[in-house]
Amino acid sequence: MTELLVANRRAIIDRRALSDTLDALPSGTTAEATNVLRAAIADGRVEIAARVAAHPGAGRSHAASYAFLTDQIIRLCFDFVVTRVFPNPNPTASERIALIGLGGTGRGEMAPFSDLDLMMLVPPG
């Protein structure tokens with residue numbers, strides 16, 4: 001549903017380009033990765049703020065835009081951690097995890113600066 005409400009998503013955040021930037025960082029540079037992601041959040045918020053100013057009545061679209069930005073940042077963080085910080089190319093069933101968005105995060109409706117509700121689903125054990 002978020003895709004339908006958010007036009008020109010790459011103007012908010014280009015996850016593929018950011019992933020390439022993170023992949024190009026030298027090993028052990030989590031501080032640099034954090035800076036890249038913080039800048040992406042700031043840039044995305046600026047883009048969404050411009051959309052709010054241009055179309056203040058499009059609240060559902062703006063809420064979906066914030067959720068989209070957050071989703072992409074979470075995906076980038078997750079990918080960076082599992083590939084660069086704690087790589088495990090062949091995890092066993094007991095080493096797999098899933099991240100699940102709850103509340104507004106899960107519905108794809110987030111207000112500016114709202115909290116992020118995530119659940120980590122892990123196998124019993």
Would you kindly confirm whether [X] and [Y] end up in one hydrophobic cluster when ILVMFWY residues are joined by side chain heavy atoms under 4.5 Å apart?
X: Val46; Y: Leu69; answer: no
X: Phe86; Y: Ile74; answer: yes
X: Met119; Y: Leu99; answer: no
X: Ile97; Y: Val81; answer: yes
X: Val85; Y: Val82; answer: yes

Quick one: pull up [atom1] in [X] and [atom2] in [Y] and give me the separation to the nearest 0.5 Å.
X: Asn90; Y: Glu95; atom1: CG; atom2: CD; result: 8.5 Å
X: Leu18; Y: Arg75; atom1: CG; atom2: CZ; result: 12.0 Å
X: Thr30; Y: Leu22; atom1: OG1; atom2: CG; result: 11.5 Å
X: Leu25; Y: Phe80; atom1: CG; atom2: CZ; result: 6.0 Å
X: Arg9; Y: Glu47; atom1: CZ; atom2: CD; result: 13.5 Å

Next item on the list: Check step by step if side chain to side chain contact (heavy atoms under 4.5 Å, CB included) holds for Arg51 and Ile12.
Entry: CA-CA 10 Å; Arg51 293 176 184 207; Ile12 295 172; 3.5 Å; yes
Provide the closest heavy-atom pair for [X] versus [Y] in the form atom of the first, atom of the second, distance.
X: Thr105; Y: Gly101; value: CG2-CA, 4.0 Å
X: Cys77; Y: Leu37; value: SG-CD1, 3.6 Å
X: Pro112; Y: Tyr66; value: CG-CE1, 3.4 Å
X: Ser65; Y: Val6; value: N-CG2, 3.6 Å
X: Pro123; Y: Ser94; value: CG-CA, 3.7 Å

Give a yes or no on whether the backbone of [Y] and the side-chain of [X] come within a donor-acceptor separation of less than 3.5 Å.
X: His55; Y: His62; value: no
X: Arg84; Y: Asp79; value: no
X: Ser19; Y: Arg15; value: no

Checklist line | Close side-chain approach of Met110 and Phe68, heavy atoms under 4.5 Å | finding: no
Notebook entry, point to check: Any side-chain heavy atom of Val52 within less than 4.5 Å of one from Ile48?
Noted result: yes
Checklist line | Option passing side chain to side chain contact (heavy atoms under 4.5 Å, CB included) with Ile13 (candidates Asp43, Asp71, Ile41, Leu76) | finding: Leu76
